[in-house]
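Worksheet: one structure, shown below.
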Amino acid sequence: MEHLIQHFRKDEQPFIEQVMGWQREVEDRYAPKLTDFLDPRQRFIVESIINQSDDLNVFTEGVFEQPERKRMLIAPSYLQPSEEDFQIAIYTISYPSKFIQLRHPDVLGALLSVGIDRSKFGDIRLSEHTIQFAIATEIADYVRANLISIGKAKVHVEEVNGTIPLIQNEEQWNESSYTVSSMRLDVVLGTVANISRQKSQNLINAGKVKVNWTVREAVAFELQEGDIISARGFGRLKVIMTEGRTKKDKIRLQVGRLEQKA
């Protein structure tokens, strides 16, 4: 396990220890452990650790098609879970969409403001007239009772029944190659977003840049393959792979860019 931990960053250590605790719990009790909603980086860590064990399997579910956030079930190898075992409900938010347009941050802020931790709900999907979100069933009733407005808009929250289609994810990743002088966060962000290094450093220093869903304020933070960068106003970037070096010792990078929808 030690050699595995070396591949992760130092500040991921507490989460790694938590996952190892879950592993021991499942092995000792021989009963499954359901996590809260985890982002892709957290799930990668969970899978890396649990897959070292022959006696355990790990399953994921986020209900939506191609969800970003999912709950995981760490289980003894005999268990084959059903969707119900993940305890996820999908709720829809009705609001006067003729008069007001709600955006993702509005919905996220409203859910957090009723006192819920981000780990208790999954993806938030918006279409022209409706909003849907995934939530842990254990707090679903609380949210339905307490989420009565978003901003100035009065809203009504109810569970989606099986006949209503789920909102599809229409995100598109565009892949391109770039040449960078180093894997520093300010260098890669500046190059891919086509902004000056100074501007990329200002964004990072202002806490407006996340790597793997964690705010990073160190301009010299070293990126690795698989990292997802989100910078406010520039959408998301994904370091797909390094393709070697040029004759001038620059690094060739394959980067995916998720164009930000208005």
Side-chain angles (χ1 to χ4, degrees), residues 1-20 22-23 35-53 57-62 64-72 74 118-119 122-123 169 171-194 200 203-204 207-232 234-246 249-260:
M1 194 60 79
E2 280 305 311
H3 72 279
L4 184 72
I5 289 168
Q6 289 164 6
H7 293 292
F8 298 114
R9 299 186 167 107
K10 209 171 182 61
D11 58 9
E12 291 175 329
Q13 211 67 37
F15 182 68
I16 290 165
E17 282 164 18
Q18 186 179 24
V19 176
M20 291 163 104
W22 295 339
Q23 181 180 13
T35 73
D36 286 336
F37 286 94
L38 303 177
D39 64 45
R41 177 68 180 179
Q42 292 170 316
R43 295 201 303 275
F44 172 71
I45 293 172
V46 172
E47 284 172 347
S48 302
I49 292 169
I50 302 302
N51 287 342
Q52 302 285 308
S53 165
N57 288 332
V58 61
F59 303 90
T60 63
E61 182 60 70
F64 286 112
E65 187 191 356
Q66 296 177 316
E68 181 172 281
R69 301 175 67 82
K70 303 181 189 181
R71 295 189 90 165
M72 298 186 96
I74 303 165
R118 180 67 184 96
S119 64
D123 283 17
N169 186 358
E171 295 175 336
Q172 284 291 320
W173 288 91
N174 300 322
E175 293 183 16
S176 310
S177 288
Y178 297 88
T179 307
V180 293
S181 57
S182 83
M183 293 296 284
R184 281 171 52 126
L185 178 55
D186 60 342
V187 172
V188 175
L189 176 60
T191 304
V192 179
N194 197 19
S200 92
L203 280 168
I204 296 163
K208 293 182 177 174
V209 178
K210 291 180 179 177
V211 179
N212 301 327
W213 297 270
T214 302
V215 173
R216 297 290 178 188
E217 293 181 0
V219 293
F221 183 81
E222 279 287 312
L223 293 170
Q224 300 170 356
E225 286 187 2
D227 282 346
I228 303 261
I229 308 151
S230 56
R232 204 167 308 163
F234 293 94
R236 280 194 187 165
L237 317 172
K238 181 180 189 177
V239 181
I240 297 167
M241 61 190 240
T242 52
E243 301 175 325
R245 289 183 178 266
T246 66
D249 211 32
K250 295 216 168 173
I251 303 163
R252 268 202 298 272
L253 267 191
Q254 188 76 17
V255 177
R257 188 165 180 178
L258 189 62
E259 295 307 324
Q260 205 172 37

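Sequential numbering from 1 along the given sequence is applied to the chain's residues. Keep in mind that this is a model prediction, so the values were computed, not measured.
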*Taking it one step at a time, do Arg252 and Ser177 satisfy side chain to side chain contact (heavy atoms under 4.5 Å, CB included)?*
CA-CA 7 Å; Arg252 268 202 298 272; Ser177 288; 5.9 Å; no
*asked:* Regarding Glu12 and Arg41, does a basic nitrogen lie under 4.0 Å from an acidic carboxylate oxygen?
replied: yes
*Are the side chains of Trp213 and Glu68 in touch, meaning some heavy atoms are under 4.5 Å apart?*
yes
*Go through the structure and list residues passing side chain to side chain donor-acceptor pair (under 3.5 Å) with Asn212, not counting sequence neighbours.*
Asp227
*asked:* With a 4.5 Å cut-off on side-chain heavy atoms, are Ser53 and Gln23 touching?
replied: yes
_Closest non-hydrogen atom pair, Ile251 against Ser181_ = CD1-O, 4.4 Å
*Under 6.0 Å from the CG atom of Asn194, do we count more than 12 heavy atoms belonging to anything else shown?*
no
*Does Met72 offer a backbone N or O that forms a donor-acceptor pair with the side chain of Thr35 under 3.5 Å?*
yes
*asked:* Using 0.5 Å steps for rounding, measure from the CD atom of Glu47 to the OG1 atom of Thr60.
replied: 6.5 Å
*To the nearest 0.5 angstrom, please state how far the NZ atom of Lys238 sits from the OG atom of Ser230.*
13.5 Å
_Measuring only between side-chain heavy atoms, which start at C-beta, is Trp173 closer than 4.5 Å to Arg257?_
no
_From CA spacing to verdict: side chain to side chain contact (heavy atoms under 4.5 Å, CB included), Ile229, Arg236_ = CA-CA 6 Å; Ile229 308 151; Arg236 280 194 187 165; over 6 Å; no
*Please tell me if the side chains of Asn57 and Phe59 come closer than 4.5 Å, counting only heavy atoms from C-beta onward.*
yes
_Pairwise side-chain contact, Leu38 with Arg69, heavy-atom cut-off 4.5 Å (strictly under)_ = no
_Give me each pair satisfying salt bridge (Lys or Arg N to Asp or Glu O under 4.0 Å) with a member in residues 210-226, each pair once, sequence neighbours excluded._
Asp11-Arg216
*asked:* To the nearest 0.5 Å, what is the distance between OG on Ser176 and CG on Leu253?
replied: 11.5 Å
*With a 4.5 Å limit on heavy-atom distance, are the side chains of Phe15 and Gln42 in contact?*
yes
_My understanding is that only residues two or more places apart in sequence, or in another chain, count here; which of them pass salt bridge (charged side-chain N to carboxylate O under 4.0 Å, His left out) with Asp36?_
Arg71, Lys120
_I need the Leu237 CG to Leu185 CG distance, nearest 0.5 Å._
9.5 Å
_Please check: side-chain N/O of Thr242 versus main-chain N/O of Gly244, any donor-acceptor pairing under 3.5 Å?_
no
_With side chain to side chain contact (heavy atoms under 4.5 Å, CB included) as the criterion, how do Glu175 and Ile240 come out once you've worked through the C-alpha distance, each side chain's angles and the decisive distance to 0.1 Å?_
CA-CA 9 Å; Glu175 293 183 16; Ile240 297 167; 3.4 Å; yes
_side chain to side chain contact (heavy atoms under 4.5 Å, CB included) evaluation trace for Arg9 with Phe221_ = CA-CA 11 Å; Arg9 299 186 167 107; Phe221 183 81; 3.3 Å; yes
*asked:* How close do Gly62 and Pro67 get, counting heavy atoms only, and between which atoms?
replied: CA-CG, 3.8 Å
*Is there a side-chain contact between Val209 and Phe234 (heavy atoms, below 4.5 Å)?*
no
_Point-to-point distance, once rounded to the nearest 0.5 Å, from OG of Ser182 to NZ of Lys250_ = 10.0 Å
*Heavy-atom side-chain contact between Ile228 and Val211 under 4.5 Å*: no
*Can you measure from NZ (Lys70) to CZ (Phe64) and round to the nearest 0.5 angstrom?*
13.0 Å
